[in-house]
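Presented below is the structure to which this report refers.
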Amino acid sequence: MSYKQTMALTIAGSDSGGGAGIQADLKTFQELNVYGMSAITAVTAQNTTGVQGVYPVEVEGILQQIDSIQEDLPPHAIKTGMLFNSEIIEAVAGRLKNYEWKNIVVDPVMIAKGGAPLLLEEAVNSLKEHLLPLAEVITPNIPEAEVLTGMEIKTYEDKINAIKILSSMGPKMVVLKGGHDADDEESVDIVYDGDTITELRTSRIQTKNTHGTGCTFSSAIAAFLAQGKAPMEAVRLAKAFIQAAIEDSLDIGKGHGPTNHWAFNRKNRSRENHS
Ligand SMILES: Nc1ncnc2c1ncn2[C@@H]1O[C@H](COP(=O)(O)OP(=O)(O)OP(=O)(O)O)[C@@H](O)[C@H]1O
Ligand SMILES: Cc1ncc(CO)c(N)n1
C-alpha cells in the first residue's frame, strides 16, 4: 500500500551525541509520523558534556543538499537550526526564497548549553536581515532574544517589548521560550502573532537532562505545520511534545542528558488504552 506522506526538512548542524541538532530533529519528525530529510550545515563533535569541535560544511555542499531535496522531495515544512556563519545563512535564505518554501521555522541557535558558540557574532545581522523575514515561526530563547534585539530581558515587560521588536523583523509568529528562567516554578513560553499575546505554561521539570530541548521543540513545530496544523495549534502541540520529552528525559552520559523523543507517543498511547 502506498499513501501520501507528509515530509519535513531540517537545515541544521549534526550533534554526534544524538541529543540535539539534526539527530534530535529527525527523531522528532519520525515520532510525529513525518518523513524527515536533512541538509547538514556543520558537523560537531559533541556529547552530553559539551562541544569538542565544529566543522562547517562548504556552502556549495549545503546548497547541493537543498537542491537535491527540492528536485525530488519537496518538503511541506522546514526547520533551520545551527547555521554558523553569515555566508551559510545568506545562501540558505536565498534558496528558501527562490523555492518559495512555506512553513519555515527558524530556531536562531547561537550557543550550546556548555557555552560553545554555534553561530559567529558576525552572522547575527544576516540572521536578522535575511532569515527572520522568511519565517512562519521563530523560537528564540531569552539569551538569543537579547542578542537579536540588543536589549536586556529581565522583567515581563522586557519580554513583551522584545517580542514586539522581534515581530517587527518580519516573522509571522514569535515564540519566546522560557526554559532559561531557572527560578520560575513554571516554564512559560510567550507567543505573539503580531496581534495577540498568548502564554503557554507548563510545570518546570527539575532535571539536568535538557540537552536538545530547543531543537526538539522547533522541529516538533515544523512537523505539526507539515501536517497542516495552524501555527498556534502547532506550537501548543510542540509544547506538549517537549514537556513529555523532558519529563521522561534520558539519564545517559556524564553531562546534560538528552530528552526522550518517544515519550509523547507513549503517553498518548497509554491514555488511549485507558479510555
Ligand atoms: N525544565 C523544564 N521544564 C519544562 N519545560 C522546559 C524546561 N526547560 C525547557 N523547557 C521547555 O523546552 C522548550 C525549549 O526551551 P529552552 O529555553 O530550553 O530552549 P533552548 O535554550 O533553545 O534549548 P537548547 O539549550 O537546546 O538550545 C520550551 O518550550 C521550554 O518552555
Ligand atoms: C548541532 C547542534 N545544534 C543545536 C544545538 C543547540 O542545542 C546543539 N547543541 N548542537
Side-chain angles (χ1 to χ4, degrees), residues 10-26 28 38-57 79-84 88 105-119 137-148 153 159 175-191 198-221 234-249 253 255-260 263-264:
T10 167
I11 305 175
S14 163
D15 167 10
S16 55
I22 289 276
Q23 288 78 359
D25 300 339
L26 292 177
T28 304
S38 63
I40 299 187
T41 56
V43 172
T44 71
Q46 189 174 173
N47 56 29
T48 63
T49 70
V51 177
Q52 291 82 42
V54 174
Y55 302 88
V57 173
K79 169 247 158 101
T80 68
M82 173 186 182
L83 297 171
F84 196 60
I88 296 178
V105 180
V106 174
D107 185 13
V109 170
M110 293 185 187
I111 297 176
K113 281 227 159 68
L118 302 176
L119 182 81
V137 183
I138 65 168
T139 59
N141 61 27
I142 288 169
E144 289 158 357
E146 288 185 326
V147 171
L148 291 170
I153 304 175
K159 289 179 189 169
V175 182
L176 181 62
K177 297 176 295 189
H180 289 248
D181 276 350
D183 300 338
D184 233 319
E185 285 188 356
E186 291 180 310
S187 188
V188 186
D189 298 343
I190 308 177
V191 187
T198 309
E199 289 180 17
L200 301 180
R201 296 174 171 272
T202 52
S203 59
R204 177 171 296 281
I205 301 146
Q206 296 305 327
T207 175
K208 67 174 173 46
N209 299 325
T210 53
H211 180 63
T213 47
C215 304
T216 300
F217 179 61
S218 54
S219 50
I221 298 174
V235 172
R236 277 184 203 284
L237 288 166
K239 177 84 167 147
F241 187 94
I242 190 63
Q243 184 75 8
I246 301 171
E247 260 167 24
D248 286 357
S249 64
H256 294 286
T259 68
N260 182 340
F264 177 78

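First listed ligand is number 1; within each ligand, the first listed atom is number 1. On a predicted model such as this, the values are computed, not experimentally measured, just so you know.
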Would you indicate which of Thr213, Asn209, Ile246 comes nearest to atom 10 (N) of ligand 1 when only heavy atoms are counted? Ile246
Atom of Val54, atom of Met82 and distance for their closest heavy-atom approach: CG1-CE, 3.7 Å
If you measure from each non-hydrogen atom of Leu118 to ligand 2, which part falls under 4.0 Å: side chain, backbone, both or neither? side chain
Does even one non-hydrogen atom of Ser14 get within less than 4.0 Å of ligand 2? yes
Under 4.0 Å from a heavy atom of Ser203: which atoms of ligand 1 are those, numbered in the order shown and with their elements? 4 (C)
Proximal atoms of ligand 2 relative to Gly13 (non-hydrogen, under 4.0 Å): 1 (C)
Under 3.5 Å: donor-acceptor pair, side chain of Ser16, backbone of Gln46: yes
Numbered in order shown, the ligand 1 atoms found under 4.0 Å of a heavy atom of Lys239 are 29 (O), 31 (O)
Evaluate the side-chain proximity of Thr259 to His211: yes if any heavy-atom separation is below 4.5 Å, no if none is. no
Which heavy-atom pair separates Gly257 from Thr48 by the least distance, and what is that distance? CA-CG2, 4.0 Å
Before signing off on this row, confirm whether Gln46 and ligand 2 have an N or O atom pair separated by under 3.5 Å. yes
Can you tell me how far OG of Ser38 sits from CD1 of Ile22, rounded to the nearest 0.5 angstrom? 4.5 Å
Does Leu118 reach the side chain of Ile111, with side-chain heavy atoms less than 4.5 Å apart? no
Side chain Thr216, main chain Thr213, donor-acceptor under 3.5 Å: no
Ring pair (Phe, Tyr, Trp, His ring centres under 6.0 Å) with Phe217: which residues, sequence neighbours excluded? none
Proximal atoms of ligand 1 relative to Gly212 (non-hydrogen, under 4.0 Å): 26 (O)
Please verify whether a non-hydrogen atom of Cys215 lies at under 4.0 Å from ligand 2. yes
Against heavy atoms of Gln243, which atoms of ligand 1 measure under 4.0 Å? 4 (C), 5 (N)
Main-chain N/O of Gly179 paired with Arg204 side-chain donor or acceptor, under 3.5 Å: yes
Heavy atoms only: give me the nearest Ala244-Ala263 pair and the separation to one decimal. O-CB, 3.3 Å
Gln23 versus Ser14, side-chain donor and acceptor atoms under 3.5 Å: yes
In this structure, atom 9 (C) of ligand 1 is nearest to the protein heavy atom Gly179 CA, 3.6 Å
Could you check atom 28 (C) of ligand 1 against the protein and tell me its nearest heavy-atom contact, residue, atom and distance included? Asp189 OD2, 3.3 Å
Region of Ile242 engaging ligand 1 - heavy atom pairs below 4.0 Å: side chain
With the side chain counted from C-beta on, respond yes when Asp107 and Lys177 share a heavy-atom pair under 4.5 Å apart, and no when they do not. yes
I need the nearest protein heavy-atom contact for atom 11 (C) of ligand 1: residue, atom name and distance, please. Ser187 OG, 3.8 Å
What is the nearest protein non-hydrogen atom to atom 21 (O) of ligand 1, stated with its residue, atom name and distance? His180 NE2, 2.5 Å
Any idea which atoms of ligand 1 are less than 4.0 Å away from a heavy-atom of Lys177? 14 (C), 15 (O), 17 (O), 19 (O), 20 (P), 22 (O)
Report the nearest protein non-hydrogen atom to atom 26 (O) of ligand 1: residue, atom name, distance rounded to 0.1 Å. Gly214 N, 3.0 Å
Gly19 to Ala24 - nearest heavy-atom pair and separation: O-CB, 3.3 Å
Identify the protein heavy atom lying closest to atom 3 (N) of ligand 1, giving its residue, its atom name and the separation to 0.1 Å. Ile205 N, 2.9 Å
Suppose I only count heavy atoms of Val109 and a 4.0 Å limit; which atoms of ligand 2 are within that range? 4 (C)
Heavy atom of the protein closest to atom 24 (P) of ligand 1 (residue, atom name, distance): Lys113 NZ, 3.6 Å
So for Asn141 against ligand 1, with non-hydrogen atoms under 4.0 Å, the contacting part is side chain
